2 protein chains.
Amino acid sequence: MDNRTVLLDRALELLAARGYDAVGVQEIAAAAEVTKPTLYHYFGSKRGLLDTLLAERFAPLHTDLCTAAAYQGDLPLNLYQVAGVYFDFARENGQFYGLLMTVRHAPPHSEAYQAALHLERRQIAVLESLFTQALPHMEGRHHRYALTFLGMINVYITLAVGGDIALDHEVQHQAVHQFMYGVFS
Amino acid sequence: MDNRTVLLDRALELLAARGYDAVGVQEIAAAAEVTKPTLYHYFGSKRGLLDTLLAERFAPLHTDLCTAAAYQGDLPLNLYQVAGVYFDFARENGQFYGLLMTVRHAPPHSEAYQAALHLERRQIAVLESLFTQALPHMEGRHHRYALTFLGMINVYITLAVGGDIALDHEVQHQAVHQFMYGVFS
DNA sequence: CAAGCACTATACCGTGCGGTATACTGCTCC
DNA sequence: GGAGCAGTATACCGCACGGTATAGTGCTTG
């Protein structure tokens, strides 16, 4: 593996575990067994490293999400597919999804939050568009539905990270069912 | 106001805006117009300051939460009351609730997360106990219900912080209704 | 008045931060 | 073969970090 890739991998491990502000570039470079100028050669700055990491690892999730959310007349099917995309991604990229969760909830004036803002917006936009097409008679609620659906997905993924559940098809069905029909059903 | 209180207030502002690791004790002390030894006199360490801040401002929320979650045979009523407690608290302590959200989702090996762990656990325990009493025949799902309910509350509060909605009684009812019966109802 | 204590400021500690100037490698391409 | 460039290391910059030793304040209590 070339140094660039190693740097991104080690950065992911460290940032996901301890956070953007708590980890220094020195430490990341050392973990990748290179020196700081190498890191700055590839990424220009600490922020550039974070941006690159987020962009490169987020891209496949976004692609799959767009596919799963393409509306064809069956909203429950779409929601089930979307949940599947998230579960699959979180299962195979647990560390990165953890990082995504932390930057998504970082303080609003922190660098990490700024770096993650548009990733969040893109996910919400896709989901909102799905709800808009599927439920055209419910104006004003689409944004709320997109956020609550993603929120429920994230709760289930967090549960899985804690080892309480497995992200299998059964749980996937339960999550979507709970979103559509609630717990009293 | 005495220096201790001013320090806590300024610390809340700064930490909520930029995060625990990005704000130095020097800056907090300067914002409170005192010097570092004063801060260290009251709180012993940076971590001690965070612990104190979280403990003191979280206490009233926890008290109200316990009251609202005391089960008396009507789960929907309890959920409605709990949502009310959170909405009221978030409306009156927006900055602190924001801080609570960031530390709750901080990286697992960060100091901020360690400091917030038991606060989170105490909230979940109260809600879990409520679900256990109200739905004794659904073993294994109480934890999930507690987390998804709190998750939905937090999504609505986040929406309100963004200015999209107001945390009034109507939204409070909508949130609880969505949790109980889903979006297809 | 004097002893003691809570509180605060000046000045400092060692360490690590993000970032860079410089120079050396090896490789490609004329 | 030499010019140029991507990639890497040594050594350094100024600065801010978390934390503390010391020395005062003023206020309470005998």
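Letters A, B, ... mirror the listed sequences (proteins, then strands); counts begin at 1. In this text, all values refer to a predicted model and were calculated from it rather than measured experimentally.
By the 6.0 Å contact criterion, CD on B:E13 is enclosed, its count of non-hydrogen atoms from other residues, nucleotides or ligands being greater than 12.
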Output side-chain donor-acceptor pairs under 3.5 Å for residues 66-74 of chain A, partner residues at least two apart or in another chain, one line each.
residue : atom : partner : partner atom : Å
A:T67   : OG1  : A:T63   : O            : 3.2
A:D74   : OD1  : A:L77   : N            : 3.3

I'd like a table of donor-acceptor pairs (distance under 3.5 Å, sequence neighbours excluded) in which one partner is a side-chain atom from residues 80-88 of chain B, with atom names and distances.
residue : atom : partner : partner atom : Å
B:Y86   : OH   : B:Q123  : OE1          : 2.6
B:D88   : OD1  : B:R91   : NH2          : 2.8

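With sequence neighbours excluded, no residue forms a salt bridge (Lys or Arg N to Asp or Glu O under 4.0 Å) with A:R122. Residues passing the salt bridge (Lys or Arg N to Asp or Glu O under 4.0 Å) test with A:R144: none are found, sequence neighbours excluded. With sequence neighbours excluded, the residues forming a salt bridge (Lys or Arg N to Asp or Glu O under 4.0 Å) with A:R47 are A:D51, listed by chain and number.
Near DNA chain C, defined here as any heavy-atom distance below 4.0 Å, the residues from residues 24-41 of chain B are B:V34, B:T35, B:P37, B:T38, B:H41, listed numerically.
Nearest-nucleotide assignment on DNA chain D puts the 5′-proximal partner with A:Y42, out of A:Y42 and B:Y20.
The distance from atom CG of A:D21 to atom P of D:dC17 is 12 Å, rounded to the nearest whole Å. Straight-line distance from the CZ atom of A:R4 to the P atom of D:dG7: 10 Å, rounded to whole Å.
Residue pairs meeting the ring pair (Phe, Tyr, Trp, His ring centres under 6.0 Å) criterion with at least one partner in residues 12-53 of chain B, sequence neighbours excluded, do not occur; the list is empty. Here ring pair (Phe, Tyr, Trp, His ring centres under 6.0 Å) pairs that include residues 143-163 of chain A, with residues two or more places apart or in two chains, are A:F131-A:Y145, A:F149-A:F179.
Protein chain A contacts DNA chain C over a range whose 5' and 3' limits, counting nucleotides with an atom under 4.0 angstrom from a non-hydrogen atom, are C:dC17 to C:dA21.
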